[in-house]
Amino acid sequence: MNYLTYTPSIEAYIDSYNGNQHRYYDVSKDIAQARIDRVIDDASSFSLTLSNKGRKYNGLFSPMDRIVIFATKVERHRLLTGYITEVDVFQLYSSDFVIKGKCSLYQLQRLYWDPGLIESQ
């Protein structure tokens with residue numbers, strides 16, 4: 001029996017906060033490799049490898065920037081919404097750029113927050 005399988009395309013959008021302004025980046029066209037680990041009892045994680053031609057991603061992203069990842073075949077499905085935890089800051093040569101992170105549950109489990117604050121609500 002023959003099977004035809006193909007992987008869905010991945011879309012990723014990053015909200016980078018620098019100073020007092022938000023910048024939104026669509027990194028979908030530069031994704032060379034993606035790995036998303038969905039777990040039941042802990043925060044899910046992801047790893048994206050981006051093609052960094054011309055070093056265009058140097059210095060753009062930092063930890064705790066928000067990210068949304070979608071899988072698309074016929075329909076678009078949200079796979080993960082979360083935060084960047086590790087990112088390459090600078091690449092001397094035009095090599096691959098790696099971004100790692102966790103889903104939104106990570107912020108509630110691992111980081112301090114006060115539920116009484118308006119910002120936390």
Side-chain angles (χ1 to χ4, degrees):
M1 181 179 279
N2 295 329
Y3 293 100
L4 173 64
T5 61
Y6 64 99
T7 59
S9 63
I10 299 292
E11 297 177 13
Y13 304 95
I14 299 174
D15 173 16
S16 180
Y17 183 73
N18 294 326
N20 58 356
Q21 82 179 34
H22 289 270
R23 299 277 320 248
Y24 298 95
Y25 298 96
D26 179 3
V27 297
S28 305
K29 293 180 182 175
D30 294 323
I31 296 175
Q33 182 178 1
R35 178 182 174 130
I36 299 171
D37 296 320
R38 303 284 299 172
V39 294
I40 295 173
D41 57 350
D42 199 9
S44 298
S45 62
F46 71 90
S47 174
L48 294 178
T49 303
L50 304 177
S51 174
N52 193 21
K53 292 181 182 174
R55 299 182 304 273
K56 66 181 178 179
Y57 293 120
N58 283 359
L60 286 183
F61 308 125
S62 60
M64 294 311 291
D65 283 346
R66 292 181 286 190
I67 187 168
V68 179
I69 301 173
F70 295 93
T72 56
K73 277 192 178 180
V74 176
E75 296 178 1
R76 190 174 181 205
H77 300 281
R78 184 180 298 205
L79 293 177
L80 188 131
T81 302
Y83 297 93
I84 294 173
T85 57
E86 298 176 37
V87 63
D88 293 339
V89 177
F90 180 78
Q91 297 267 334
L92 185 58
Y93 302 104
S94 295
S95 60
D96 289 343
F97 189 84
V98 178
I99 296 174
K100 295 181 181 181
K102 302 275 187 176
C103 74
S104 299
L105 185 60
Y106 168 77
Q107 185 180 23
L108 297 174
Q109 288 180 332
R110 304 288 194 278
L111 303 176
Y112 173 78
W113 65 289
D114 184 0
L117 296 175
I118 297 298
E119 292 83 9
S120 298
Q121 296 176 5

For this session: Could you tell me the separation between the NZ atom of Lys102 and the OG1 atom of Thr85, rounded to the nearest 0.5 Å?
Result: 7.0 Å
For this session: Apply side chain to side chain contact (heavy atoms under 4.5 Å, CB included) to Leu50 and Asp96, showing your working.
Result: CA-CA 6 Å; Leu50 304 177; Asp96 289 343; over 6 Å; no
Exercise. Among all residues two or more places apart in sequence or in another chain, which pass the side-chain contact (heavy atoms from CB on, under 4.5 Å) test with Arg76?
Worked result: Glu11, Tyr13, Phe70, Thr72
For this session: Check whether any side-chain heavy atom of Ile36 lies under 4.5 Å from a side-chain heavy atom of Arg38, and answer yes or no.
Result: yes
Exercise. Between Ser16 and Asp65, does any side-chain donor sit less than 3.5 Å from a side-chain acceptor?
Worked result: yes
Exercise. Can Asp30 and Lys56 be counted as an ion pair, charged N to O under 4.0 angstrom?
Worked result: yes
Exercise. Is there side-chain contact between Asn58 and Asn52, with heavy atoms separated by less than 4.5 Å?
Worked result: yes
Problem set entry | Worked check of side chain to side chain contact (heavy atoms under 4.5 Å, CB included) between Met64 and Ile84 | CA-CA 5 Å; Met64 294 311 291; Ile84 294 173; over 6 Å; no
Problem set entry | Ser45 side chain vs Gly101 backbone, donor-acceptor pair below 3.5 Å | no
Exercise. When you look at Thr81 and Ile69, which way does the side chain to side chain contact (heavy atoms under 4.5 Å, CB included) test go after all the steps?
Worked result: CA-CA 6 Å; Thr81 302; Ile69 301 173; over 6 Å; no
Problem set entry | Side chain Ser44, main chain Cys103, donor-acceptor under 3.5 Å | no
For this session: Using atom types as modelled and distance alone, determine if a side-chain donor or acceptor of Arg66 lies under 3.5 Å from a backbone N or O of Ser104.
Result: no
Exercise. Can you check whether Val98 reaches Leu48 side chain to side chain, under 4.5 Å on heavy atoms?
Worked result: no
Problem set entry | Min side-chain heavy-atom separation Ile14-Ile99 under 4.5 Å | yes
For this session: Not counting sequence neighbours, list each pair that qualifies as a ring pair (Phe, Tyr, Trp, His ring centres under 6.0 Å) and has a residue in residues 25-51.
Result: Tyr25-Phe61
Exercise. Are Thr49 and Ile31 side-chain neighbours, meaning at least one heavy-atom pair lies under 4.5 Å?
Worked result: no
